[in-house]
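To start, the structure under review is shown below, and the notes come after it.
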There are 2 protein chains.
Amino acid sequence: MVEPGDRQRATTVADVARRAGVSKATAARALGDYGAVSDSVRERVQAAAEDLDYRPNELARSMNTGRSKTIGVIVGDIENGYFGLAMRGISDTAKAAGYDVILINTSENVQTEIDAVRVLLDKRVDGLIVAPASSFHIEHLRRVDDSGRPLVLLDRRVPGLEAVSVEVDIAPSASDATAALLDAGHTRIAFVSALQTEGEGYSDRLQLRVSSVTDRLAGIVSALRSRGIEPSADLIRFGALGPERTRAITGELLELEDPPTAILASDSLIALDVLRTLRDRGLRVPDDLSFVMFDDFDWAALTDPPLTVVAQPIYDVGVAAATILLRRLAGLPHDDVRARLPATLVLRDSVGPVPVRA
Amino acid sequence: MVEPGDRQRATTVADVARRAGVSKATAARALGDYGAVSDSVRERVQAAAEDLDYRPNELARSMNTGRSKTIGVIVGDIENGYFGLAMRGISDTAKAAGYDVILINTSENVQTEIDAVRVLLDKRVDGLIVAPASSFHIEHLRRVDDSGRPLVLLDRRVPGLEAVSVEVDIAPSASDATAALLDAGHTRIAFVSALQTEGEGYSDRLQLRVSSVTDRLAGIVSALRSRGIEPSADLIRFGALGPERTRAITGELLELEDPPTAILASDSLIALDVLRTLRDRGLRVPDDLSFVMFDDFDWAALTDPPLTVVAQPIYDVGVAAATILLRRLAGLPHDDVRARLPATLVLRDSVGPVPVRA
DNA sequence: CAAGCGAATGAGACCGGTCTCAACATAGCG
DNA sequence: CGCTATGTTGAGACCGGTCTCATTCGCTTG
């Protein structure tokens, strides 16, 4: 049906109407399946549409329905399997409801995130799912609300913003992981995170930009304190932003006068670089150092040694976020303001007893 | 500037024009920065826009420019780190050029892919990047051409379709990997792929749906034949579509009368399940069985043992695909019809000598 | 000083759909 | 048979931008 000539201008309702010998309005009704159309006309129009290979222009449709059947997703890094999986959850859920997804990657950069929100709003997405890079810069998220479009926060909440958030309830598992280390006799327990902070040290007053990291830390600190151990500022490290920084930080930890005997890595990307650094220095896990990673992936069971991890149901987080957003778009009541999915500690072989000092 | 009341209707050029006391046309000129506008008017309009917090409706803009500044990407599985990285390459490149990306996941399902193409075309994306699930069903890809919008194939080419493809030149590395196994003395070399085929066996006449797998196989077969070894149909296996199937296939291979002494896994997802199956059966790599994986990821160097892999520059493939698409969108000449990036064999420790039969 | 030219501006068509409203036909009812 | 209720259709406004065209104005130039 497609002749070589007609690749230029797409056929429109008007074309179909003309061919079917009816008015534009009637053709639109027959095609859009709304209003009342007689059967004979409907068939005629549909045949004409078929002949002309008519496809509606969704842009035009969106423009006066006001809905684009598209949701925007803004994450820090799709390359990270964590967000990859979440994205899959969102995408599967959205597709099932007839929605498409526009994805924007911010590299955890606030300015990029601000631009991303603006662009998606301008593109008239129906709703937004955002893993906010910072709890402090939230004016742009307020804008989303002002625009009347629903916003769901992914993996992280933002205090002071009345938006629904879907998170992993990570603090209890972070406590469990820390407790496991404490049980094995460790007291010098380090935590390495990618988060950028004003300083790099730790204090009780520390305000973190990302709630999911705050929660990890809260869980760790509470477990430590329940055993009478004060968190040590030199063991809680931020700014592991890439391989180089992570390796440098790991090196610094190892060269402390009183180095840690166990390390908790805040995500899998960091874990990989920490482990590489340990291996390069000839340190073995868990003989020389115990290790726990946040996030579980298939490969975590196949490393040497298999890694003890805090497993997060991140696919389900994506599904939940999309589901809530879609419910709001459908005008249904959204029960929660803060959905939290449970994490679990998966014990494998990377935690061992404290090595005797040489 | 945002009053609680105005969340309903967004401000338009007409609003700005009224406030600035000029015509809609003039306001549009001042805002859109085209045509001729006097400085005084421009300032007045811009001030008005600022006051009203004006944001252009990209939908409306797209509708009569005909361009949406959006490209569509269709892949089999974003959850797979392979496509995750490619996506990142595409996304980074697109963003740098002011384009956004709509992502659709097909689960390697042809019908879903057909729908995806239709939806994206209807949404009036400016161009498409597709990793086609099948070389046989390509009418929907032809449609893209007919629509006048550029199409770039990612990772896979489609014979008979005159579209640009960006691929990894994988055959030579597949040969190298096979040669490495042959050098170690292996002759019973298995290949496990996720690809669905009519039968599950192998024959020379076999037509595969995905060129990147065809190429892997071609490289393997040519290396075998150069040593006078005929590929054995029972060692070349398809249909490893999920953990269960992969484990079943691996089990079947191991239970052959004359089982393989080496396995090549067509991608990292399969590799993980093969390795798990081996471990569950108490088989060690490389002592009991040698192993090579296509795709390299950070974790591949940290497994037990570190894996010998065929590393593919998949991020760069994404960048190249997006670059070519953007060039075509800009009306620039597109030199290649088929860009091919080199893969490399990375030797680690998962290949060893053939074990002596017990 | 009149003609000529370019810059600035406004009116309104247009993109491709949706949707309101009025016109008309037919059927049901008193 | 007249009147209204219901169903079907067409004309045209509208969404929010872009863009063409005609008009007006100021300035140069012969």
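Sequence lines set the chain letters: A, B, ... in the order given, protein chains first and strands last, and positions in each chain run from 1. These numbers come from the heavy atoms of this one structure, side chains and all, not from hydrogens, waters or symmetry mates. Because the structure is a prediction, the values reported are computed rather than measured.
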Exercise for the section: Please check if any side-chain donor atom of A/Asp77 sits under 3.5 Å from a side-chain acceptor atom of A/Tyr82, or the reverse. Expected result: no
Problem - A/Lys95 with A/Asp100: basic N within carboxylate O range, under 4.0 Å - result: no
Fill in the blank from the handout: Separation of C/dG16 atom P from A/Asp15 atom CG, nearest Å, is 8 Å
Practice task
Classify the nucleic acid contact of A/Arg124 as base, sugar-phosphate or nothing, counting any heavy atom under 4.0 Å across all strands shown.
Solution key: nothing
Exercise for the section: List the protein contact pattern of nucleotides 9-15 of chain D with one symbol per nucleotide (5' to 3'): B for base contact, S for sugar-phosphate-only contact, - for none; contact means a heavy-atom distance under 4.0 Å. Expected result: BBBB--B
Practice task
Give the nucleotide from the list D/dT18, C/dT18, D/dG17 with an atom nearest to the side chain of B/Ala28.
Solution key: D/dT18
Practice task
For atom CZ of A/Arg67, decide whether the heavy atoms of other residues, nucleotides or ligands shown that lie under 6.0 angstrom number more than 12.
Solution key: no
Completion exercise
In whole angstroms, the gap separating C1' of C/dG17 from CZ of B/Arg61 amounts to 20 Å
Exercise for the section: Identify whether the distance between the nearest side-chain nitrogen and carboxylate oxygen of A/Glu58 and A/Arg61 falls below 4.0 Å. Expected result: yes
Practice task
Send over the distance from B/Asp33 CG to D/dT18 P, rounded to a whole Å.
Solution key: 11 Å
Exercise for the section: Determine, step by step, whether B/Arg55 and B/Glu50 satisfy the salt bridge (Lys or Arg N to Asp or Glu O under 4.0 Å) criterion, reporting the C-alpha distance in whole Å, the side-chain angles of both residues, the deciding distance to 0.1 Å, and the verdict. Expected result: CA-CA 9 Å; B/Arg55 298 264 71 221; B/Glu50 186 89 6; over 6 Å; no
Problem - B/Leu31 CG to D/dC19 C1', straight-line distance once rounded to whole Å - result: 15 Å
Handout entry: Sidechain N-carboxylate O distance under 4.0 Å for A/Glu167, A/Arg156
Key = no
Problem - A/Tyr34 vs C/dG17: side-chain N/O to OP1/OP2 distance below 4.0 Å - result: no
